[in-house]
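For reference, the structure discussed in these notes is given below.
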Amino acid sequence: MILFFLLLGEEDTSRVIVHIDVDCFYAQVEMIRDPSLRDKPLGIQQKYIVVTCNYVARKHGVTKLMGIKQAKELCPELVLVKGEDLTHYREMSYRITVTLQKFSPLVERLGFDENFVDVTETVDARLKSTFSPQLNGHIFPEMEIEGTYERHKRLACGSQIAAEMRQALHSDLGITCCAGIAHNKLLAKLVAGQHKPNQQTSLLPGGVGKLMGTLKTARNIPGIGSRTFKRLQTLGISTVQDLQDAPADVLQAEFGSQTAQVMQQLCRGVDPSPVTPTGPPQTISDEDSFKKCASLQDAKERMTGLLQSLMKRLKGDGRFPHVLRVTVRKLSASNKWTNRESRQCAIPSHLFGTGAEETISKLLDLCVVLFCKMVDVNHPFHLTLINICFAKLEARS
DNA sequence: ATGGATGAG
DNA sequence: CATTCTCATCCAT
C-alpha cells in the first residue's frame with residue numbers, strides 16, 4: 001500500500017509522530033528544586049541575560065534572551081536564579097527522554113527540552129483491539145467536522161498516547177509540557193505550539209495548508225536559519241507562499257538541487273525525515289564566556305576549571321574521549337559574530353590510567369599547546385570565550 | 001581527519 | 001543581528 005504512493009511521489013501520511021516540548025524548561029527545573037518560586041516571577045540568568053523565564057514573569061513582559069537590566073525595569077520583583085551550570089537541566093532532560101522511551105524506542109532529542117516520538121507501531125497495535133478512541137486535546141484547524149474521530153482513528157489514538165506521555169512526565173518528574181500530534185516531524189513540531197502552555201494539539205491532514213499559512217516568514221520553518229533566509233531574501237523570497245511559488249530552477253541555482261528540494265517540501269508541510277533515536281552524546285563540552293581574558297595565566301586557570309567539571313561528567317558517562325578540542329572567541333570590532341576558532345588533537349590513551357589530578361594536568365598541557373596555535377601569547381590578545389570539548393567518546397578498551 | 005559554517009533550543 | 005551554553009550536521013580542505 002505504502003509502496004504505491006511512494007512510487008507516485010506522494011507522501012506517507014500513515015505515520016503518527018508526537019512532538020513533546022517542555023514548558024519554559026530551565027524555569028520549571030528551578031521551580032521543582034525550590035517550589036517557593038512557583039508563584040513568583042522567575043528568570044534564569046546566564047551572565048547578563050535572562051535565557052528563559054516562567055509564565056508569571058512573561059505576564060510582566062519579560063522574554064527569552066532579554067538583558068537583566070531591561071527585565072528588572074519591566075518587573076522589579078523578578079527573582080533571578082543563576083543557570084550557567086547546566087548539570088541539573090541536563091539530568092532532567094535525559095530523565096524526560098528515558099520516560100518517553102517507555103512508550104516507544106523511537107525517541108529523538110532536539111536540544112534539552114524537545115523530543116520527537118514515532119508512535120506508529122503503538123497506534124497500529126492498539127487499533128487491532130476493537131475500541132475506537134476519542135481525540136484528546138485541541139485540534140487544528142479548530143472547527144467541528146462530522147465524523148472527525150471515525151475518519152481519523154490513528155490521529156485520535158496518537159493523541160491518547162500523547163496524553164499518557166504528558167501524564168507520565170507529570171507524575172514521574174513533575175514536568176508539564178506541550179505536545180503536537182501529526183503525520184510528520186515538521187508538522188508535529190509546528191502544531192505543538194498552537195496551544196501553550198501545558199496543552200496538546202492534533203493536526204488534521206486537511207489543515208496542513210492552513211498551519212503553514214500561520215508562519216509569518218519562511219524563517220519560521222525549522223531548518224531555515226538566519227543565513228539561509230538572507231540568501232532567500234536575495235532572491236526576492238521571504239514568505240512561505242513565496243517559497244512555495246518559487247521556480248525550482250531558481251532555488252537550485254542558489255542552493256543546489258538537494259537543499260532546494262528539501263526546502264520546497266518543507267514549505268508545503270512535507271517532511272519524510274524519520275525519527276532517528278538519539279544515542280548517548282557524541283561530544284561532552286564545557287565553556288565559559290567573559291568580558292576579557294588577556295593572559296596565558298588567566299586562560300590556564302579558566303581551562304583548569306573547565307577540565308575539572310568535564311572530568312566529573314566523564315566519570316558519570318563511563319566512556320573515554322580520544323580527541324580534545326579547544327575553541328576560543330576573539331574580540332573583534334567587525335565580525336563580532338561567527339568568530340570562533342578551534343584546534344583539536346588526539347588524546348594519548350594512557351592519559352586516563354592514572355589519578356584525576358595527574359590526568360587534568362596532562363590535559364591542561366595539551367590544551368595550552370592547542371591554545372597557542374590560535375593565540376600568539378607574545379602579543380596582546382583579548383578573548384571573550386573558551387570552550388573545551390571531549391570528542392570520539394568510546395568505551396574503554 | 002580537521003576546522004568552519006550553520007542549524008537547533 | 002547576537003547575546004548563553006550547549007549539541008548536531010554539512011561542507012571544503
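Naming: A, B, ... by sequence-line order, numbering from 1 per chain. Heavy atoms only: backbone and side chains are in, while hydrogens, waters and symmetry mates are out.
Side chains of A/Arg340 and A/Thr327: a donor-acceptor N/O pair is absent below 3.5 angstrom, by distance only.
Between C/dC7 and A/Arg109, no contact under 4.0 Å exists linking OP1 or OP2 to a side-chain N or O. Taking 4.0 angstrom as the limit, A/Ser285 places a side-chain polar atom (N or O) nearer than this to OP1 or OP2 of C/dC7. Using a 4.0 Å cut-off, no side-chain N or O of A/Lys82 falls inside it from OP1 or OP2 of C/dT4.
At a threshold of 4.0 Å, the pair A/Glu341-A/Arg325 does not count as salt-bridged, since none of the basic side-chain nitrogens sits closer than that to a carboxylate oxygen. Ionic pairing of A/Asp298 and A/Arg302 is present here: one or more N-O contacts between side-chain nitrogen and carboxylate oxygen are shorter than 4.0 angstrom. Classification of A/Asp288 and A/Lys47 as a salt-bridged pair holds, one side-chain N sitting under 4.0 Å from a carboxylate O. Under a 4.0 Å N-O distance rule, the pair A/Arg126/A/Glu121 does not qualify as a salt bridge. In summary, A/Lys69 and A/Glu73 do not engage in a salt bridge, as defined by a charged side-chain N under 4.0 Å from a carboxylate O.
Heavy-atom neighbours of A/Lys300 NZ from other residues, nucleotides or ligands within 6.0 Å: at or below the threshold of 12. Other residues, nucleotides and ligands place no more than 12 heavy atoms under 6.0 Å from the CD atom of A/Glu357.
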Acceptor/donor pairs from residues 19-26 of chain A side chains to any protein atom, 3.5 angstrom cut, sequence neighbours excluded:
| residue | atom | partner | partner atom | Å |
| --- | --- | --- | --- | --- |
| A/His19 | NE2 | A/Glu114 | OE1 | 2.9 |
| A/Asp23 | OD1 | A/Asn198 | N | 3.4 |
| A/Asp23 | OD2 | A/Thr176 | OG1 | 2.8 |
| A/Asp23 | OD2 | A/Cys177 | N | 3.4 |
| A/Asp23 | OD2 | A/Asn198 | N | 3.1 |

Hey, can you pull the donor-acceptor pairs under 3.5 Å for the side chains in residues 252-266 of chain A, sequence neighbours left out?
| residue | atom | partner | partner atom | Å |
| --- | --- | --- | --- | --- |
| A/Glu254 | OE2 | A/Arg231 | NE | 2.8 |
| A/Glu254 | OE2 | A/Arg231 | NH2 | 3.4 |
| A/Gln264 | NE2 | A/Leu243 | O | 2.9 |
| A/Gln264 | NE2 | A/Ala246 | O | 2.9 |

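Using a 4.0 Å heavy-atom cutoff across all strands shown, A/Lys230 reaches sugar-phosphate atoms only and no base atom. Nucleic acid contact for A/Asn387: none, since no nucleic acid atom lies under 4.0 Å from a heavy atom of the residue. Across all strands shown, A/Tyr48 has heavy atoms under 4.0 Å from sugar-phosphate atoms exclusively, and none from any base.
Between the CG atom of A/Leu385 and the C1' atom of C/dC5 there is a distance of 9 Å, rounded to whole Å. At whole-Å resolution of the value, CG in A/Leu393 and P in C/dC7 are 10 Å apart. When the C1' atom of C/dC5 is taken as reference, atom CG of A/Leu65 falls 11 Å away, rounded to whole Å. If you measure from atom CZ of A/Phe290 to atom C1' of C/dC5, you get 13 Å, rounded to the nearest angstrom. Atom C1' of nucleotide C/dC1 and atom CD of A/Gln233 are separated by 12 Å, given to the nearest angstrom. What separates CE of A/Met66 from C1' of C/dC1 is a distance of 17 Å, to the nearest Å. For the pair A/Glu287 CD and C/dC5 C1', the interatomic distance rounds to 5 Å; values are reported in whole Å. Residue A/Leu80 contributes atom CG, which lies 14 Å from atom C1' of C/dT4 at whole-angstrom precision.
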Protein proximity profile, nucleotides 1-9 of chain B - base contact B, sugar-phosphate-only contact S, no contact -, cut-off 4.0 Å on heavy atoms: -SSSSSSSS
Contact string for nucleotides 8-13 of chain C, one letter per nucleotide 5' to 3', B = base within protein heavy-atom range under 4.0 Å, S = sugar-phosphate only, - = neither, reads SS----
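Using P as the reference atom, B/dG3 and C/dT4 are 24 Å apart when rounded to the nearest Å. Comparing the same atom, P, in C/dC5 and in C/dC1 gives a spacing of 22 Å after rounding to whole Å.
Shown for residues 53-60 of chain A: no residue has heavy atoms falling under 4.0 angstrom of DNA chain C.
Judged by a 6.0 Å distance limit and a 45° cone about the ring axis, A/Lys196 is not positioned over the six-membered ring of A/Tyr55.
For A/Phe352, the ring pair (Phe, Tyr, Trp, His ring centres under 6.0 Å) partners two or more places apart in sequence, or in a different chain, are A/Phe320.
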